[in-house]
Amino acid sequence: MSFDRSIKIAPSILSADFANFGAEIQAIEAQGADWVHIDVMDGHFVPNLTFGPPAVKAFRPHVKTVMDVHLMITPVDPYIQAYADAGADILTAHVEAGAHTHRTLQAIRAAGMKAGVALNPGTPADAVEHLLDLTDLVCVMTVNPGFGGQKFIDMTNKIRKLQSMIGDRPIHIEIDGGVDPKTAPLVAAAGADVLVAGSAVFKGGSVDNPDVYGANIKAVRSAAESATS
Ligand code: DX5
Ligand code: ZN
């Protein structure tokens, strides 16, 4: 995985057909997805339950781009090796998930993955200031995590603050929640480079009608790029 700050669209398969993940992943990649975003929820850190390491391992052969795994679970540390074995390229843990995020990020890197740290909307940018040297990606939540299809919460000031804290370090700023062609320009202009989008990508399409995914991805990408050029 090489580092660059170009706009990357990461569809969240939380909005895919749960009976057909392999074909859905292949369809979004064929239609221009840069990364594939996988939302792991434990029914405890967030009020919803999705999938665990065996499912993520089953997704792996279908992902030819980057498998970006977002853990909305606590505790994190006992499961890090399982997600490495499942083939995650990036593993993101929430800074709110435990008292020792510093140790968690070290363990993610030691297991051979890129380390991400996510912030809930109520958590300030300062919470990750002393973690940045251990971090490859900061995920700014623009909804309270747990469900797809929620309304975007404006975190533009937090994104700007993070961007200035990061400086020229090779750390992605990822935005997760309510990203669509209307909100993408706001976050891209503030400094985000990875845009997660669930409903905005899968809306109206299917594996039998994948061109809609392509048009949806293109709409988010063009809107974001128009704000950065
Ligand atoms: C929210 C998840 C998101 C979600 C985004 O808890 O982390 O990745 O699927 O979905 P949309 O784009 O529909 O807000
Ligand atoms: Zn997510």
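Not measured: the values here are computed from a predicted model. Counting starts at 1 for both ligands and their atoms, following the listed order. The residues of the chain are indexed from 1 along the displayed sequence.
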Engineer: Which protein atoms of type N, O or S are found under 2.8 Å from the Zn ion (ligand 2)?
Structural biologist: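 Protein N, O or S atoms closer than 2.8 Å to the Zn ion (ligand 2): His37 NE2, Asp39 OD1, His70 ND1, Asp176 OD2.
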Engineer: For a salt bridge (charged side-chain N to carboxylate O under 4.0 Å, His left out) check, start with the C-alpha distance between Asp133 and Arg169, then their side-chain angles and the critical distance, and finish with the verdict.
Structural biologist: CA-CA 8 Å; Asp133 285 334; Arg169 285 180 273 195; 2.8 Å; yes
Engineer: Decide whether Asp136 and His172 meet the rule of one side-chain donor and one side-chain acceptor closer than 3.5 Å.
Structural biologist: no
Engineer: Can you pull the salt bridge (Lys or Arg N to Asp or Glu O under 4.0 Å) pairs that have at least one residue in residues 94-105, sequence neighbours excluded?
Structural biologist: none
Engineer: Give the residues near ligand 1 by chain and number, with the criterion being a heavy-atom distance under 4.0 Å.
Structural biologist: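 Close residues (ligand 1, cut-off 4.0 Å): Ser12, Leu14, His37, Asp39, Met41, His70, Met72, Met141, Pro145, Gly146, Phe147, Gly148, Gly149, Asp176, Gly177, Gly178, Val196, Ala197, Gly198, Ser199.
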Engineer: Counting the benzene-type ring for Trp, do His62 and Phe21 have ring centres under 6.0 Å apart?
Structural biologist: no
Engineer: For Ile90 and Val69: C-alpha separation, side-chain torsions, deciding distance, then whether side-chain contact (heavy atoms from CB on, under 4.5 Å) applies.
Structural biologist: CA-CA 6 Å; Ile90 304 171; Val69 178; over 6 Å; no
Engineer: Does any pair with a residue in residues 196-210 pass side-chain hydrogen bond (donor to acceptor under 3.5 Å, both in side chains), and if so which ones, sequence neighbours excluded?
Structural biologist: none
Engineer: Do His130 and His102 pass the ring-ring contact (aromatic ring centres under 6.0 Å, His included) test, and can you show the C-alpha distance, the side-chain angles, and the key distance before you say yes or no?
Structural biologist: CA-CA 8 Å; His130 297 287; His102 192 282; 9.6 Å; no
Engineer: Hey, what's the ring geometry for Phe18 with Phe51, parallel, tilted or perpendicular (30° and 60° as the breaks)?
Structural biologist: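 Rings of Phe18 and Phe51: tilted, as their planes differ by 30° to 60°.
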Engineer: Ile171 pairs by side chain to side chain contact (heavy atoms under 4.5 Å, CB included) with which of Leu162, Val128, Val117, Leu132?
Structural biologist: Leu132
